[in-house]
Amino acid sequence: PDTTGGNSGSPVVHEETGLAIGVHTNGGCTATGGANKGTRIDKPVFKEAVDFLLEDCTQDSDCDDGVFCNGAEVCTAGKCRRDDSDICDDGLACTIGICNEAASMCEYQPKSCSEPGQTGLCIEPTGECELSPCPDFLTRIEVDIVTDNYPSETTWTVTDTCGSNGVILSGGGGSYSGSPNTPFSQNICAAEGEYEFTINDTYGDGICCGQGSGSYTVKYGGVEVASGGEFTVTETTSFGSTCPSDPTPPPTTPPTATPTAPPPTGSTPPPTSSPTNPPTAPPTVSPTNLPTLPPTNPPTAPPTNLPTNPPTSLPTVTPTAPPTPAPTEPLTPPPTPTSGDAVAQEAVFDSGYGAPRCTNVGSSCDSLALLNGRGTITNGNEPNHSNTNKNGAVCNDGNSGTYQSDESVEQITVTAGDIVSGTPVPSGDFIVEGSRAFVTVNLWCWNTGSSDTADIYITSDASSPDWQPLASIACPGGGAQTITHAFDVPSGANQSIRVNLRYNGSPSTCSNG
């Protein structure tokens with residue numbers, strides 16, 4: 001008879017004989033059609049399992065099939081049964097047990113915690129990977145997926161619904177192929193805003209519970225905001241905060257205006273010419289009538305010097321200090337950058353340049369999630385691709401390969417400071433001409449990374465770039481990697497960094513890979 005979806009494990013019965021001829025595994029009939037899929041009862045492996053369950057026994061040794069990795073066989077109530085527990089489960093969440101049939105033994109490997117944002121440490125008893133802290137102005141988004149029996153049917157995305165960043169995190173599809181019932185974890189540090197998590201299943205039966213017990217969990221700032229597994233084709237959850245308003249315009253403290261205080265009391269405007277003429281007659285009073293005869297003694301001569309003190313209403317002949325003129329610079333000059341003023345800056349996509357850009361000077365400039373992915377690569381459609389400065393020669397991303405398997409540049413951060421004994425040390429100061437800074441690049445390197453090299457270039461004028469090489473650094477390994485390089489900041493008010501990740505070949509500003 002027909003069976004419907006969700007009845008996996010039920011017998012498929014021969015309509016004429018009434019005998020079970022198989023077991024339903026997936027698919028099923030509906031009112032509009034469909035088909036059953038299952039396993040025939042005469043399939044050798046399946047028949048062997050059924051015969052084992054029907055076998056009579058008196059002791060455990062009667063049931064031993066000689067296979068180590070399928071667990072111990074026991075005799076229960078005269079019938080053989082297998083112990084369903086994992087033979088290689090050591091009770092530790094941070095180890096993975098692998099059964100070696102040839103050696104009839106279990107081998108154990110530590111759980112990998114090497115995804116971006118993870119410190120490499122696994123935490124017992126939960127088995128969660130320890131995460132490195134996000135900068136104070138960012139919040140971590142974590143996505144944990146457990147696949148079902150058909151993992152390649154599942155894809156998911158986290159999308160920034162506030163700005164132009166688009167998809168900032170994604171997974172599934174080809175990257176999950178061949179990994180049924182397997183946990184996957186990804187995370188990213190993101191700016192405050194509103195986001196959407198969307199999970200899809202191409203077959204239309206979700207990831208639980210008809211074909212395995214898959215599940216998903218999404219956390220924002222360590223708090224669970226979405227979870228589930230039972231859906232059909234797609235499921236979407238919004239989370240985060242409201243979209244931030246327009247960025248606060250710089251500077252936060254405007255320069256002090258030209259003199260706000262009036263001149264000192266009693267001072268007068270600067271003289272437009274020399275003081276008014278001295279008195280036209282000497283201080284002594286002239287006779288009202290001229291004498292008929294010259295006086296015995298001539299009249300007192302006019303003073304040889306001007307009065308010592310001019311009239312109080314007039315300024316001194318030459319002011320001892322002229323009134324403050326209109327200053328050639330503001331009385332209080334524009335703020336000089338100090339370490340206390342420097343703030344880490346978040347880049348935003350600039351359509352004029354075709355790449356992320358920090359519009360204000362700060363202690364660092366971080367692309368955040370704007371570079372995640374590469375072109376239109378499978379499962380890694382990069383927001384605003386190619387994110388390369390469109391001024392000058394065009395350089396487009398290659399679109400071949402699979403995201404987080406083949407090469408991609410994930411994040412670029414320029415920070416004021418230096419690298420001391422191999423360790424980047426931020427100074428907290430502004431990034432200014434002539435100072436030291438270092439660039440940090442998060443990469444995804446193919447295979448072992450031995451064929452991949454990151455070429456780092458700088459230009460002092462992004463509007464008309466003349467790319468100068470800073471360094472060519474080989475990938476230190478495969479998968480998620482981080483490289484750093486310190487440099488002297490050159491002169492220029494509109495500088496830009498470019499990173500070209502190439503497969504073999506020689507240093508280049510654009511390898512179109």
Side-chain angles (χ1 to χ4, degrees), residues 132-140 160 162-165 168 188-193 243-256 332-372 383-384 387 389 409-420 423-442 456-463 465 470 482-499:
S132 54
C134 287
D136 291 342
F137 52 89
L138 300 180
T139 302
R140 188 179 302 280
D160 177 4
C162 287
S164 59
N165 293 335
I168 63 170
I188 191 172
C189 294
E192 179 182 354
C243 295
S245 57
D246 293 335
T248 304
T252 54
T253 304
T256 304
T332 303
T336 301
T338 65
S339 59
D341 297 326
V343 175
Q345 301 295 314
E346 300 176 22
V348 296
F349 180 72
D350 189 313
S351 58
Y353 289 89
R357 183 169 179 253
C358 290
T359 56
N360 298 321
V361 179
S363 60
S364 64
C365 177
D366 192 344
S367 71
L368 303 176
L370 294 177
L371 303 181
N372 286 174
N384 307 304
N387 281 304
N389 190 342
V409 177
E410 297 291 290
Q411 187 175 11
I412 301 175
T413 307
V414 181
T415 307
D418 208 342
I419 298 177
V420 180
T423 302
V425 180
S427 66
D429 296 329
F430 282 87
I431 303 173
V432 294
E433 299 173 352
S435 66
R436 291 288 285 176
F438 59 88
V439 57
T440 303
V441 185
N442 291 337
I456 306 175
Y457 290 83
I458 191 169
T459 181
S460 59
D461 184 3
S463 61
L470 286 178
T482 299
I483 60 173
T484 56
H485 179 73
F487 61 97
D488 292 317
V489 180
S491 299
N494 190 22
Q495 303 190 29
S496 180
I497 291 278
R498 168 174 285 185
V499 179

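Predicted model only: the values in this text are computed from it and were never measured.
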task = Please identify each residue that fulfils side-chain contact (heavy atoms from CB on, under 4.5 Å) with Asn387, with sequence neighbours left out.
result = Phe349, Pro356, Leu371, Glu382, Asn384
query = With sequence neighbours excluded, what pairs up with Val489 under the side-chain contact (heavy atoms from CB on, under 4.5 Å) test?
reply = Ile431, Ser435, Ala437, Phe487, Gln495
note = side-chain hydrogen bond (donor to acceptor under 3.5 Å, both in side chains) filter on Gln411, not counting sequence neighbours, yields Asp366, Asn442
ask   = When rounded to the nearest 0.5 angstrom, what is the spacing between CD1 in Ile497 and OH in Tyr457?
value = 12.0 Å
key: Arg357: side-chain contact (heavy atoms from CB on, under 4.5 Å) partners, not counting sequence neighbours   = Asp350, Tyr353, Thr359, Asn494
task = Compare every heavy atom of Phe430 with every heavy atom of Val361, then report the nearest pair and how far apart it is.
result = CG1-CD2, 3.3 Å
query = Quick one: side-chain hydrogen bond (donor to acceptor under 3.5 Å, both in side chains) partners of Ser460, sequence neighbours excluded?
reply = none
ask   = Which atom pair, heavy atoms only, marks the closest approach of Ala355 to Asn389?
value = CB-N, 4.2 Å
message = Set out, in order, the CA-CA distance, both residues' side-chain angles and the distance that settles side chain to side chain contact (heavy atoms under 4.5 Å, CB included) for His485 and Val441, then state yes or no.
response = CA-CA 9 Å; His485 179 73; Val441 185; over 6 Å; no
query = Do the side chain of Ser367 and the main chain of Ile412 share a donor and acceptor less than 3.5 angstrom apart?
reply = yes
key: Test log, rule side chain to side chain contact (heavy atoms under 4.5 Å, CB included), inputs Ile456 and Arg498   = CA-CA 6 Å; Ile456 306 175; Arg498 168 174 285 185; over 6 Å; no
key: Closest contact, heavy atoms only, Glu433 versus Gly492   = OE2-N, 2.8 Å
inquiry  = Going by side-chain contact (heavy atoms from CB on, under 4.5 Å), name the residues that satisfy it together with Asp160, two or more places apart in sequence or in a different chain.
reply    = Cys162, Asn165, Ile168, Tyr195
task = Starting at SG of Cys358, measure out to CD of Glu346 and round the result to the nearest 0.5 Å.
result = 8.5 Å
ask   = Rounded to the nearest 0.5 Å, how far apart are CG of Leu368 and CG of Leu138?
value = 5.0 Å
